[in-house]
Amino acid sequence: QVQLVESGGGLVQAGGSLSLSCAASGSMARFNYMGWYRQAPGNQREFVARISSGGSTDYADSVKGRFTISRDNAKNTVYLQMNSLKPEDTAVYYCNFWQLGIDYWGQGTQVTVSS
C-alpha cells in the first residue's frame, strides 16, 4: 500500500558527490523508517542507511562520515547525500520503507563511481 519512486542515480568520478531521493505515496503509518540499501552484481543486498519518522539515523560502517540521510515528512521524501564516493560504492541503490512489520521497495537506481 506504499509506492516508492527513486531518482538521482548516475555516473560520477571517485571523490565526487551524488544525491538520491525517494518519494513515498499511499497509506503511511505515523511511525515508520525510510532508508537505503544497495546491491552490486554478484553481491547480496546490503543496508546503507535509515531514518525514522522522528529523525533518528543509522548508517552502515562503510558509509559513515561520507553519506548523510535526511527526510522531509511534509513531502514523504527521503534523501541520501553521498560524498567522497569510492568505486566500491557502485551498486543499484534501493529505497526502503518500513511500517507495521512490512518492507516496501523502490525500483532501484544505478550509481556508478569510476576510478
Side-chain angles (χ1 to χ4, degrees):
Q1 301 214 78
V2 176
Q3 297 79 45
L4 304 172
V5 179
E6 302 171 347
S7 63
L11 175 65
V12 65
Q13 291 188 333
S17 298
L18 200 62
S19 294
L20 307 180
S21 65
C22 173
S25 62
S27 182
M28 287 163 282
R30 181 176 179 180
F31 181 79
N32 58 75
Y33 288 95
M34 298 188 75
W36 297 90
Y37 289 69
R38 66 188 183 186
Q39 186 171 20
N43 290 36
Q44 300 296 312
R45 187 174 298 187
E46 66 175 356
F47 169 79
V48 176
R50 72 175 184 177
I51 184 169
S52 74
S53 48
S56 61
T57 60
D58 195 20
Y59 296 91
D61 288 341
S62 59
V63 307
K64 199 170 298 181
R66 300 188 297 122
F67 292 8
T68 302
I69 190 168
S70 61
R71 64 188 289 168
D72 184 337
N73 288 336
K75 295 181 177 180
N76 296 315
T77 300
V78 64
Y79 307 91
L80 187 67
Q81 177 64 48
M82 303 183 291
N83 298 324
S84 302
L85 283 162
K86 305 174 181 179
E88 47 263 49
D89 295 318
T90 296
V92 176
Y93 283 69
Y94 294 92
C95 181
N96 170 261
F97 186 98
W98 181 96
Q99 68 175 1
L100 304 175
I102 300 174
D103 282 300
Y104 301 86
W105 298 96
Q107 79 283 0
T109 185
Q110 178 70 48
V111 172
T112 302
V113 184
S114 62
S115 59

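The two atoms that bring Leu80 and Ala49 nearest to each other are CD1-CB, 4.4 Å, heavy atoms only. Trp98 and Phe31 make their closest contact through CZ3-CE2, 4.2 Å (heavy atoms, listed as atom of the first residue, atom of the second, distance). Across every non-hydrogen atom of Val111 and Met82, the tightest pair is CG2-CE, 4.0 Å. Closest non-hydrogen pair, Gly10 versus Leu18, comes out as N-CD2, 3.8 Å. Ala40 and Thr90 get closest at one heavy-atom pair: CB-O, 3.7 Å. Across Ser84 and Ser17, no two heavy atoms sit closer than the pair N-OG, 4.4 Å.
A heavy-atom distance below 4.5 Å is not found between the side chains of Arg50 and Asn96. Within the 4.5 Å cutoff, no side-chain heavy atoms of Ile51 are placed close to those of Trp36. Between Arg38 and Val63, some side-chain heavy-atom pair lies under the 4.5 Å cut-off.
A donor and an acceptor atom, one from each side chain of Gln81 and Ser19, are located under 3.5 Å apart. Using a 3.5 Å distance cut-off with no hydrogens or angles, the side chains of Arg71 and Asn32 do pair a donor with an acceptor.
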inquiry  = For a side-chain contact (heavy atoms from CB on, under 4.5 Å) check, start with the C-alpha distance between Leu11 and Gln110, then their side-chain angles and the critical distance, and finish with the verdict.
reply    = CA-CA 8 Å; Leu11 175 65; Gln110 178 70 48; over 6 Å; no
inquiry  = Please determine whether side-chain contact (heavy atoms from CB on, under 4.5 Å) holds for the pair Phe97 and Ile102, giving the CA-CA distance in whole Å, both sets of side-chain angles, and the decisive distance to 0.1 Å.
reply    = CA-CA 8 Å; Phe97 186 98; Ile102 300 174; over 6 Å; no
query = Does the side-chain contact (heavy atoms from CB on, under 4.5 Å) test come out yes or no for Leu85 and Phe67, once each step is laid out?
reply = CA-CA 9 Å; Leu85 283 162; Phe67 292 8; 3.8 Å; yes
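The number of heavy-atom neighbours closer than 6.0 Å to CD of Gln107, taken from other residues, nucleotides and ligands shown, is above 12. The number of heavy-atom neighbours closer than 6.0 Å to CD of Gln39, taken from other residues, nucleotides and ligands shown, is above 12.
Side-chain N or O atoms of Glu6 include none that pairs as donor or acceptor with a backbone N or O of Cys22 at under 3.5 Å.
The existence of a salt bridge linking Lys86 and Asp89 is excluded, since no basic side-chain nitrogen approaches an acidic carboxylate oxygen closer than 4.0 Å.
Using cut-offs of 30° and 60° for the angle between ring planes, the Trp105 and Tyr94 rings count as perpendicular.
Arg30 CZ to Ser53 OG: the interatomic distance, rounded to the nearest 0.5 Å, is 8.5 Å. Atom CG of Asn73 and atom CE of Met34 lie 9.0 Å apart (nearest 0.5 Å). Ser56 OG to Tyr33 OH: the interatomic distance, rounded to the nearest 0.5 Å, is 5.0 Å. In this structure, the separation between CG on Asp72 and OH on Tyr79 is 5.0 Å, given to the nearest 0.5 Å. Atom CD of Gln3 is separated from atom OG of Ser27 by 9.5 Å, given to the nearest 0.5 angstrom.
At a threshold of 4.5 Å between side-chain heavy atoms, the hydrophobic network of Ile, Leu, Val, Met, Phe, Trp and Tyr places Val113 and Val48 in one connected group.
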